[in-house]
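Numbered from 1 within each chain, the chains take letters A, B, ... in sequence-line order.
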2 protein chains.
Amino acid sequence: MTSSAVASYHDDQKINELVDETIGRVADRWTLLVIESLEEAGPTRFSALGRALPGISQKMLTQTLRQMEREGLVSRTVFPEVPPRVEYALTDLGHELAEAFCGVWQWAEKNVARIEQARADYDRRQERG
Amino acid sequence: MTSSAVASYHDDQKINELVDETIGRVADRWTLLVIESLEEAGPTRFSALGRALPGISQKMLTQTLRQMEREGLVSRTVFPEVPPRVEYALTDLGHELAEAFCGVWQWAEKNVARIEQARADYDRRQERG
DNA sequence: CCGCATCCTGTTTGATACTG
DNA sequence: CAGTATCAAACAGGATGCGG
């Protein structure tokens with residue numbers, strides 16, 4: 001914390017709430033996939049992003065991008081052309097988040113088999129019990 | 001995200017879907033808080049966990065723990081006593097996930113101010129435009 | 001003490017149609 | 001192309017009461 005304000009117990013509480021809230025927004029399904037896609041492909045236009053995220057609706061894509069823009073994770077650039085073109089890109093903050101999520105992503109990748117196994121075991125136990 | 005992670009992503013769509021699904025489950029609000037709480041406090045019983053997570057309902061706590069148990073993130077131990085006692089603890093897999101999430105947690109903690117600022121800027125821009 | 005079953009409500013999401 | 005508007009459907013979540 002770089003804040004010059006007095007660091008009190010209550011400040012810590014407030015910060016934890018902010019952290020929780022932030023993670024809650026950022027840990028969203030589509031947000032994660034958008035981050036991944038932009039990190040991988042660089043600046044991408046709206047329709048291309050939609051194609052890159054199978055199953056997302058236009059509405060959810062718009063909503064997700066707006067929220068991410070508000071959080072400062074992506075930038076939105078409108079090109080005054082015909083037909084219109086809008087490109088989305090990760091900001092520095094967004095890029096740093098992508099890197100932070102790397103650990104979770106790798107964990108998931110590395111442990112897919114263990115998780116599948118755990119589910120299978122659990123479900124089998126349920127069927128019997 | 002590392003290039004190897006991205007490469008794997010391209011290599012196997014099935015695994016990617018599993019990874020997405022897994023992250024979707026794990027990125028859940030209560031799941032994160034439960035992981036944090038168990039990582040910090042060690043094995044904890046149901047009611048104590050409820051007290052440690054202000055705002056969670058009994059239903060959501062049960063639901064979250066069941067799902068985590070199914071994914072192999074927590075273990076559930078019933079002590080045949082009167083009154084009944086049930087303790088939850090992180091498995092190795094759960095512990096590793098907690099460590100992986102450290103990066104995201106630290107990112108959020110470190111950037112609370114930047115995000116707040118980004119939101120304020122965005123909202124101000126909206127008011128004008 | 002633990003936690004499942006039920007009911008009920010508010011939010012989230014998808015489909016569709018329309019605008020600049 | 002890049003959205004917005006609207007409506008219905010689906011789902012998450014809370015409250016309550018019961019059972020092991």
Side chain of A/S47, heavy atoms from C-beta onward: which of D/dA2, C/dC1, C/dT13 has the nearest atom to it? D/dA2
Which whole-number value in Å describes the distance from B/Q67 CD to C/dG3 P? 16 Å
Between A/E71 and B/R114 (salt bridge meaning N to carboxylate O under 4.0 Å), is one present in this structure? no
Length of the CZ-C1' vector between A/F46 and D/dC1, whole Å: 9 Å
Tell me: CG of A/D28 to P of D/dA12, nearest whole Å? 14 Å
Can you check the A/I56 CD1 to C/dA15 C1' distance for me, whole Å? 15 Å
Checking all strands, does B/R76 fall into the base, sugar-phosphate, or nothing category for heavy-atom contacts under 4.0 angstrom? sugar-phosphate
Using a 4.0 Å heavy-atom cut-off across all strands, classify B/F79 as base, sugar-phosphate, or nothing. nothing
Contacts of A/E81 that satisfy side chain to side chain donor-acceptor pair (under 3.5 Å) - sequence neighbours left out: A/R85
Without swapping roles, check the side chain of A/T91 against the backbone of A/S75 for a donor-acceptor pair under 3.5 Å. no
Given C/dC1, is OP1 or OP2 found less than 4.0 Å from the side-chain N or O atoms of B/R45? no
Across nucleotides 15-20 of chain D, 5' to 3', mark each nucleotide with B, S or - according to how protein heavy atoms within less than 4.0 Å reach it. B----B
Using the side-chain heavy atoms of A/Y88, tell me which of these nucleotides is nearest: C/dG14, D/dG3, C/dC4. D/dG3
How long is the span from the CG atom in B/L33 to the OG1 atom in B/T64, to the nearest 0.5 Å? 9.5 Å
Tell me the interatomic distance from A/Q63, atom CD, to C/dT12, atom P, rounded to whole angstroms. 8 Å
Whole-Å distance separating the CG atom of B/L65 from the P atom of C/dC4: 10 Å
Terminal axes of the helix from C/dC1-D/dG20 to C/dG20-D/dC1 (five pairs each): angle between them, nearest 10 degrees: 50°
Hydrophobic cluster identity match, A/V34 and B/Y122, side-chain contacts under 4.5 Å: no
Is it true that A/S47 and A/R51 share a donor-acceptor pair across their side chains at a distance under 3.5 Å? yes
First locate atom CG of A/L49, then atom CG of A/L65, and finally report the distance between them rounded to the nearest 0.5 Å. 5.5 Å
Distance check: side-chain N/O of B/T62 vs OP1/OP2 of C/dC2, anything under 4.0 Å? no
To the nearest angstrom, how far is A/M60 atom CE from C/dT13 atom C1'? 6 Å
Under a 4.0 Å N-O cut-off, is there an ion pair linking B/R70 with A/E116? no
From CG (A/D121) to CD (A/Q126), nearest 0.5 Å: 11.5 Å
Rounded to whole Å, CZ of A/R66 lies from C1' of D/dT4 at a distance of 10 Å
